[in-house]
Amino acid sequence: MELSKAYLYNGEWCVRASDFLAEGQSDSDAIEKAMIYSAENHINTILIDKKTWFIDKAILLRSNIKVIVDGVMIKQIDGVLDNIFRPDSIESAPGDPYGFAVNIKKTENIKIIGKNGAVLEGPEKNPKMYHPVLKQTMETFGDHWGWRGFIIFFTRCTGFEISGFLIQKTRSWAITTERSTDGYIHDIEIYSDCKNGDGINLRVGSKRIFIENIKGRTSDDFIAINTLASETRTYPFKNYVYTLFPSDYLVDQGEPIEERYIHDIFINNIVSATNHYSQAVAFLTRQGHKIFRIFIHGVYDGNTWTTPKRIDMVGAYYMEGYGDINIDDSDLAEIRIDKVVSNSTDTAVLFRNHVKDLWINDVTQNCPEGVVLSALDDELTLTNCKCVSGVYRTDAKNWKFIRR
């Protein structure tokens, strides 16, 4: 080991990306060289500090790597359509970097840790591309431009951790997982204003994931638990130019449907201040994929006004346009919701579909026009709730979506 290229950080050896900066080369080049050097010398921690880092491509993460971003910002330069972080395991089809993968190897034990005010930020200006459906050149802003728009993306990864960041200026979802398990996402702030700008989106095959201490304001669902897989293998599809699900090639290879279920998700201490028609924690079952054993404790409305500004804090409000959904035969089960505070919703907890084994406790509805619960099922547990209006429950069959 060349000691000049190793650095002792909080008692562990790491490679410092700033040691690889060179005139005429980009910040992304320096980070990539640090990754290569660390692998060659069996050092599994990368330290990114000292300066603001302007990257022109995704930072690719191998198994058993820890990246520490200490007190600095990583920012995408103008004109980049890519993730900030993703595993190094995605093999794209030749000439199609934004489409379905042809292979994604499994990775494990990846940590992305922010410290001392670390920031991940999208570009000031998005690249422009021709939209073949809308027949015009547009900014690649929103989910129609596929999976490369996510800030952090984990696919087919076991054992991961994301923590300690402020994430802002997103062009799509901030953090997304698919077919990834045994994760810990915590102590993060997220701010977005793009189309369908979800905060954390758990997709098919996400299992045993603990999410806690998340706050912010997003333009769509703050946390989405969503089992939708690609509805087609041919893109463009509707207004989607590229797929959001690069690992869905596994369906064509005979992947058992059980591999796409989402279960054993733990969500704790969420403060969501969106004033959109979306939710703090949203459930969306699609295509026969099940969601079960979901444990939620502490979901707080970050809004202070009392006139309804959003639909609900926690639940599922399926309506037209959500694809293959049958509200009379839901695939939701074993849902535990404990301690929800609403200040600005019509309904604190809303399920417009059947849920097997639903338990709700300690919900406070502070909105004078709101209710605690709207649900289809009678066989559920509802205890220890408070409601300013005095109307604790309504029938979800009579619920109507009003876009505010």
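Along the sequence shown, residues carry numbers from 1.
- Judged as a salt bridge (Lys or Arg N to Asp or Glu O under 4.0 Å), not a single pair has a partner in residues 37-47 (not counting sequence neighbours).
- Once rounded to the nearest 0.5 Å, the distance linking CG of Leu284 with CG of Leu202 reads 11.5 Å.
- Put simply, the side chain of Arg233 gets close to the backbone of Asp248: a donor and an acceptor are under 3.5 Å apart.
- Screening His289, Lys290, Lys356, Arg286 for a side chain to side chain donor-acceptor pair (under 3.5 Å) with Asp331, the sole residue that qualifies is Lys290.
- Under the ring-ring contact (aromatic ring centres under 6.0 Å, His included) test applied with Tyr235, the options Tyr242, Phe245, Trp147, Phe100 reduce to a single match, Phe100.
- Asp264 and Arg293 are joined by a salt bridge, as a carboxylate oxygen and a charged side-chain nitrogen come within less than 4.0 angstrom of each other.
- Distance check: Asp198 CG to Asp221 CG gives 5.0 Å after rounding to the nearest 0.5 Å.
- By the neighbour-count criterion of 12 heavy atoms within 6.0 Å, atom NZ of Lys195 is densely surrounded, having more than that number from other residues, nucleotides or ligands.
- With Asn384 as the partner, the side chain to side chain contact (heavy atoms under 4.5 Å, CB included) test is satisfied by one option alone out of Asn361, Val363, Ile360, Asp338: Asn361.
- Between Asp377 and Leu358 there is no side-chain heavy-atom pair separated by less than 4.5 Å.
- Ion pair Lys169/Glu124 flagged as a salt bridge, since at least one NZ, NE, NH1 or NH2 atom sits closer than 4.0 Å to an Asp/Glu carboxylate oxygen.
- Pairs of residues two or more places apart, or lying in two chains, that qualify as ring pair (Phe, Tyr, Trp, His ring centres under 6.0 Å) and include a residue from residues 106-132 are His131-Trp145.
- Note on residues 50-89: no pairs pass ring pair (Phe, Tyr, Trp, His ring centres under 6.0 Å), not counting sequence neighbours.
- A salt bridge links Arg336 with Asp357; the closest basic N to acidic carboxylate O contact falls under 4.0 Å.
- Aromatic ring orientation, Phe295 versus Phe266: parallel (interplanar angle below 30°, classes split at 30° and 60°).
- Counted by atom type alone, Ser230 and Thr243 present one or more donor-acceptor pairs between their side chains at under 3.5 Å.
- Within 6.0 Å of CD in Glu379 there are 12 or fewer heavy atoms belonging to other residues, nucleotides or ligands.
- With hydrogens and angles ignored, the 3.5 Å screen pairs a side-chain donor or acceptor of Arg148 with a backbone N or O of Pro97.
- To the nearest 0.5 angstrom, Cys367 atom SG is 8.5 Å from Asn343 atom CG.
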side-chain hydrogen bond (donor to acceptor under 3.5 Å, both in side chains) evaluation trace for Asp312 with Gln279: CA-CA 6 Å; Asp312 61 273; Gln279 301 160 288; 2.9 Å; yes
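- With a 4.5 Å cut-off on side-chain heavy atoms, Glu161 and Ile113 count as touching.
- The pair Lys339-Asp362 counts as a salt bridge, with a side-chain nitrogen and a carboxylate oxygen less than 4.0 angstrom apart.
- For Glu91 and Lys105, the salt-bridge test fails: no basic side-chain N is under 4.0 Å from an acidic carboxylate O.
- Under the 30°/60° scheme for interplanar angles, the aromatic rings of Tyr7 and Tyr9 are found to be tilted.
- Around NZ of Lys51, the count of heavy atoms belonging to other residues, nucleotides or ligands within 6.0 Å exceeds 12.
- Between the OG atom in Ser28 and the NZ atom in Lys33 there is a gap of 12.0 Å [rounded to 0.5 Å].
- Comment: Lys115 does not engage Asp187 in a salt bridge, judged by the lack of any side-chain N to carboxylate O separation of less than 4.0 angstrom.
- For the pair Arg393/Leu380, a side-chain contact is recorded, criterion being any heavy-atom separation below 4.5 Å from C-beta on.
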